**Student:** 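After the structure tokens below, expect a handful of questions from me.
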Amino acid sequence: SNMAFMVNGTIQQVFVGKGDKVRSGDPLVMIDDRDYTVQLSATKAEYNQIKAEVDRVIALYEENAISANEYDKARYGLEQITQKLRHHEDQVADCIIRAPYDAYVDEIHFKAGETVMAGMPVVSLSGKGQTVLTTALSADVALRSDEFESFTAEFQSMPGKALPINLKSLSHGAN
């Protein structure tokens, strides 16, 4: 699994190293959340102001002191700011990538101080009991990979034993 942030930012801290075993929910990487936290604080203040206004409008509406139109405007304004508040809360929460399951860290693609965009793979994990094998293939074999029914790996340390493997991905590059 390639883990990525849902928001843009500068990596503040990497909590794990390549090969580390992680448990579900463990923090892996964190980006600087200052901008998102400030935005959330401003939205909370705006929410509190609108909520107080809506409470007053509801009380006036119940006394028939204002129109249904004014009541609806206030109610829909509260719904709108509530969604904005939830969005900013999610953004702050999205500043930390957590392990979605028990796994091993295969790769860390960035280090502290580097800027990442939302969706860029930052950490690669493999599930419990899985090993990730990276190898180079000749161009002709890579181009024909969809023609193969299965893949196996043989290691010098285990002569004569072919282990079944699953093709996870192919990355094309020079050489």
Side-chain angles (χ1 to χ4, degrees), residues 1-130 132 134 166-173:
S1 297
N2 287 321
M3 306 302 298
F5 287 105
M6 300 289 289
V7 292
N8 304 327
T10 301
I11 294 179
Q12 185 174 29
Q13 189 171 3
V14 178
F15 298 101
V16 295
K18 186 174 179 178
D20 286 357
K21 182 178 181 179
V22 295
R23 299 251 181 239
S24 178
D26 285 353
L28 305 175
V29 182
M30 182 172 111
I31 60 172
D32 185 349
D33 68 351
R34 285 179 293 187
D35 290 343
Y36 297 107
T37 303
V38 166
Q39 199 172 38
L40 175 59
S41 294
T43 302
K44 280 182 180 177
E46 187 180 358
Y47 172 85
N48 290 335
Q49 176 189 358
I50 291 173
K51 176 77 170 98
E53 289 173 12
V54 168
D55 289 344
R56 286 190 293 276
V57 168
I58 289 172
L60 291 171
Y61 180 72
E62 288 172 353
E63 295 173 6
N64 293 319
I66 61 168
S67 69
N69 185 44
E70 290 174 293
Y71 170 78
D72 287 341
K73 278 185 197 177
R75 193 168 47 95
Y76 293 132
L78 181 60
E79 282 183 36
Q80 193 173 34
I81 192 64
T82 300
Q83 293 305 316
K84 185 176 175 182
L85 178 63
R86 285 185 188 142
H87 174 68
H88 290 158
E89 288 170 339
D90 289 345
Q91 284 183 317
V92 170
D94 289 339
C95 288
I96 297 178
I97 296 176
R98 296 184 181 279
Y101 50 82
D102 294 354
Y104 292 92
V105 177
D106 290 331
E107 292 291 332
I108 300 169
H109 305 287
F110 294 91
K111 60 184 179 225
E114 294 183 309
T115 301
V116 294
M117 302 301 289
M120 292 175 71
V122 176
V123 177
S124 297
L125 303 176
S126 62
K128 223 157 121 175
Q130 295 181 355
V132 174
T134 303
N166 295 318
L167 179 63
K168 181 177 169 184
S169 66
L170 280 177
S171 298
H172 301 283

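Predicted model, so just to flag it, every value in this text is computed and none were measured. Below, each value reflects all heavy atoms present in this structure, side chains not excepted, and no hydrogens, waters or symmetry copies.
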**Student:** Out of curiosity, Glu46 CD to Gln80 CD, how far, rounded to the nearest 0.5 Å?
**Tutor:** 9.0 Å
**Student:** Which distance, rounded to the nearest 0.5 Å, do you find between the CZ of Arg56 and the CG of Leu60?
**Tutor:** 9.0 Å
**Student:** Heavy atoms only: give me the nearest Pro100-Ser24 pair and the separation to one decimal.
**Tutor:** O-OG, 3.5 Å
**Student:** So which atom in Pro121 and which in Asn2 form the shortest heavy-atom distance, rounded to 0.1 Å?
**Tutor:** CB-CB, 3.9 Å
**Student:** Taking the side chain as every heavy atom from C-beta outward, state whether Lys111 and Ile11 have any pair of such atoms under 4.5 Å apart.
**Tutor:** no
**Student:** Verify whether one side chain among Asp106 and Ser126 offers a donor that lies under 3.5 Å from an acceptor in the other.
**Tutor:** yes
**Student:** With the side chain counted from C-beta on, respond yes when Leu28 and Ile96 share a heavy-atom pair under 4.5 Å apart, and no when they do not.
**Tutor:** no
**Student:** Distance check, rounded to the nearest 0.5 Å: His109 atom NE2 versus Met120 atom CE?
**Tutor:** 10.0 Å
**Student:** In Å and rounded to the nearest 0.5 Å, what is the CG to CD1 distance from Leu85 to Ile50?
**Tutor:** 10.5 Å
**Student:** Do the side chains of Gln12 and Ile31 get nearer than 4.5 Å, heavy atoms only?
**Tutor:** no
**Student:** Is any side-chain heavy atom of Phe15 less than 4.5 Å from a side-chain heavy atom of Met30?
**Tutor:** yes
**Student:** Give a yes or no on this: more than 12 heavy atoms of other residues, nucleotides or ligands lie within 6.0 Å of atom CG of Asp94.
**Tutor:** yes
**Student:** Tell me whether Arg75 at atom CZ has more than 12 heavy atoms from other residues, nucleotides or ligands lying less than 6.0 Å away.
**Tutor:** yes
**Student:** Can a salt bridge be assigned to the pair Arg86 and Asp90 using a cut-off of 4.0 Å between side-chain N and carboxylate O?
**Tutor:** no
**Student:** Near Met6 CE, under 6.0 Å, is it more than 12 heavy atoms from other residues, nucleotides or ligands?
**Tutor:** no
**Student:** Assess the side chains of Gln83 and Glu79: does a donor N or O sit below 3.5 Å from an acceptor N or O?
**Tutor:** no
**Student:** Are Val122 and Phe5 packed together at the side-chain level, in the sense that at least one heavy-atom pair is separated by less than 4.5 angstrom?
**Tutor:** yes
**Student:** Check whether any side-chain heavy atom of Leu125 lies under 4.5 Å from a side-chain heavy atom of Tyr101, and answer yes or no.
**Tutor:** yes
**Student:** Quick one: closest heavy-atom pair of Asn8 and Ala118, and the distance?
**Tutor:** OD1-N, 2.7 Å
**Student:** What's the shortest heavy-atom distance between Val57 and Ala74, and which atoms?
**Tutor:** CG1-CB, 3.7 Å
**Student:** If I take atom CD from residue Gln91 and atom OG1 from residue Thr37, how far apart are they, to the nearest 0.5 angstrom?
**Tutor:** 10.5 Å
**Student:** How far apart are the closest heavy atoms of Arg23 and Ala99, and which atoms are they?
**Tutor:** O-CB, 3.4 Å
**Student:** Return the minimal non-hydrogen interatomic distance between Gly113 and Thr10, and the atom names on each side.
**Tutor:** O-CG2, 3.5 Å
**Student:** Testing Asp26, Val16, Val14 for side-chain contact (heavy atoms from CB on, under 4.5 Å) with Val105, which one passes?
**Tutor:** Val16
